[in-house]
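Taking it in order: structure first as structure tokens, then the write-up.
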Amino acid sequence: MQIAVLTIFPNMFDLFWDHGIVRRAIAGGHIRPDTLDIRAFTADRHHVTDDRPYGGGCGMVMKPEPLARAIDVSRDRIDGAVTVLMSPQGVKLSQQTAEELARRRGLIFICGRYEGVDARIVGRHVDYELSIGDYVLSGGELAAMVAMDAVIRLLPGVLGGAESAARDSFSDGLLEHEHYTRPREFEAQTVPEVLLSGNHEAIARWRHRMSLIETLLRRPDLLEHRRLDDRERQILRQWLQTLERILRHQAAHRPDSLSGRQ
Ligand code: 9D3
């Protein structure tokens, strides 16, 4: 996959391309990155990329002409590319969007700065408008790195066999179970006995239970939107029974509070 990034801060991407899985993806020929400096597509002596907003107001707007030229050049270099504008007004990035982008032949990321980019760029030259969440960044660069990282690790062959197998079995809508490594005892806390047992089936069952309870406690919204299998439903029913037993005991001890008042 060819990936172009359009930015006025191309150096910000040097470290991103040069580390970890992203670097491996480049070395393995899975992605071909291309960082383009929007400033290089300006036509004026001072290489100006922003201008004052029509209608007044504070802040500056990214000029359309350099961006349009940079997008055209990127499109010529990458056939079948879609353009992705990183912006606070965008659709929130999700794993599903990352999977969709990972199926494209090429991607062109546009990193906004200032108050935003001229609306005529968004209307005519942008296929996706993506945000990475409801908080304010200083520009689209870090957001583009987040989106690219999510996409790149999904490309076939980028993750090692074990890593991608783990992903297939467990990116299925549950949070991960907790993890332990040596030593067996750390700050007076021991590793759960089952993990030392060597019983792989028992370990798998324990991890599944832990994933389910972590998800229930921290992200109940994930369980509501997910199909539970038979075992998961049984685990939840058991917890429900335990909770009901506890509440019945409470009611028995405090008959006055049976009315359901909170
Ligand atoms: C004061 C109004 N702000 C709009 C919500 C102005 C504004 C804030 C931040 C305009 C641009 C920016 C720069 N942010 C991004 O370019 C950005 C972003 C973000 O701020 N949060 C989450 N995702 C993204 S993607 C790009």
Worksheet item: Does the pair E65/R69 count as a salt bridge with the N-to-O cut at 4.0 Å?
Response: no
Item to complete: Using a strict cut-off of less than 4.0 Å between a Lys/Arg side-chain nitrogen and an Asp/Glu carboxylate oxygen, indicate whether D72 and R75 qualify as a salt bridge.
Response: no
Look up atom [atom1] in [X] and atom [atom2] in [Y], then write down how far apart they are to the nearest 0.5 Å.
| X | Y | atom1 | atom2 | value |
| --- | --- | --- | --- | --- |
| M210 | E176 | CE | CD | 12.5 Å |
| I152 | L101 | CD1 | CG | 11.0 Å |
| H208 | I235 | NE2 | CD1 | 6.0 Å |
| R209 | L216 | CZ | CG | 11.5 Å |
| E115 | D50 | CD | CG | 11.0 Å |
| L36 | I108 | CG | CD1 | 9.0 Å |

Backbone N or O of [Y] within a donor-acceptor pair of the [X] side chain at under 3.5 Å?
| X | Y | result |
| --- | --- | --- |
| E232 | D229 | yes |
| R184 | V191 | no |
| S211 | L175 | yes |
| D118 | K63 | no |
| T83 | D127 | yes |
| R104 | A81 | no |
| S197 | E193 | no |

Discussion item. Tell me every residue that passes ring pair (Phe, Tyr, Trp, His ring centres under 6.0 Å) with H179, counting only those two or more places apart in sequence or in another chain.
Written reply: H177
A quick test of your reading: do over 12 heavy atoms of other residues, nucleotides or ligands sit less than 6.0 Å from [atom1] of [X]?
| X | atom1 | answer |
| --- | --- | --- |
| Q96 | CD | no |
| F186 | CZ | no |
| R32 | CZ | no |

Taking the side chain as every heavy atom from C-beta outward, state whether [X] and [Y] have any pair of such atoms under 4.5 Å apart.
| X | Y | value |
| --- | --- | --- |
| E163 | R153 | no |
| M148 | W17 | yes |
| E129 | L85 | yes |
| L107 | M1 | yes |
| S94 | E99 | no |

Discussion item. For N199 and V194: C-alpha separation, side-chain torsions, deciding distance, then whether side chain to side chain contact (heavy atoms under 4.5 Å, CB included) applies.
Written reply: CA-CA 7 Å; N199 183 342; V194 62; 6.0 Å; no
Discussion item. Pair K92, D134 - check side chain to side chain contact (heavy atoms under 4.5 Å, CB included), show working.
Written reply: CA-CA 8 Å; K92 211 178 291 176; D134 295 337; 3.4 Å; yes
Discussion item. According to a hydrophobic-cluster definition based on side-chain heavy atoms being under 4.5 Å apart (Ile, Leu, Val, Met, Phe, Trp, Tyr only), do V126 and Y114 belong together?
Written reply: yes
Worksheet item: R226 and T215: side chain to side chain contact (heavy atoms under 4.5 Å, CB included), yes or no, with the steps?
Response: CA-CA 11 Å; R226 181 176 174 284; T215 312; over 6 Å; no
Fill in: Derivation and outcome, side chain to side chain contact (heavy atoms under 4.5 Å, CB included), residues Q89 and V122
CA-CA 11 Å; Q89 285 83 32; V122 186; over 6 Å; no
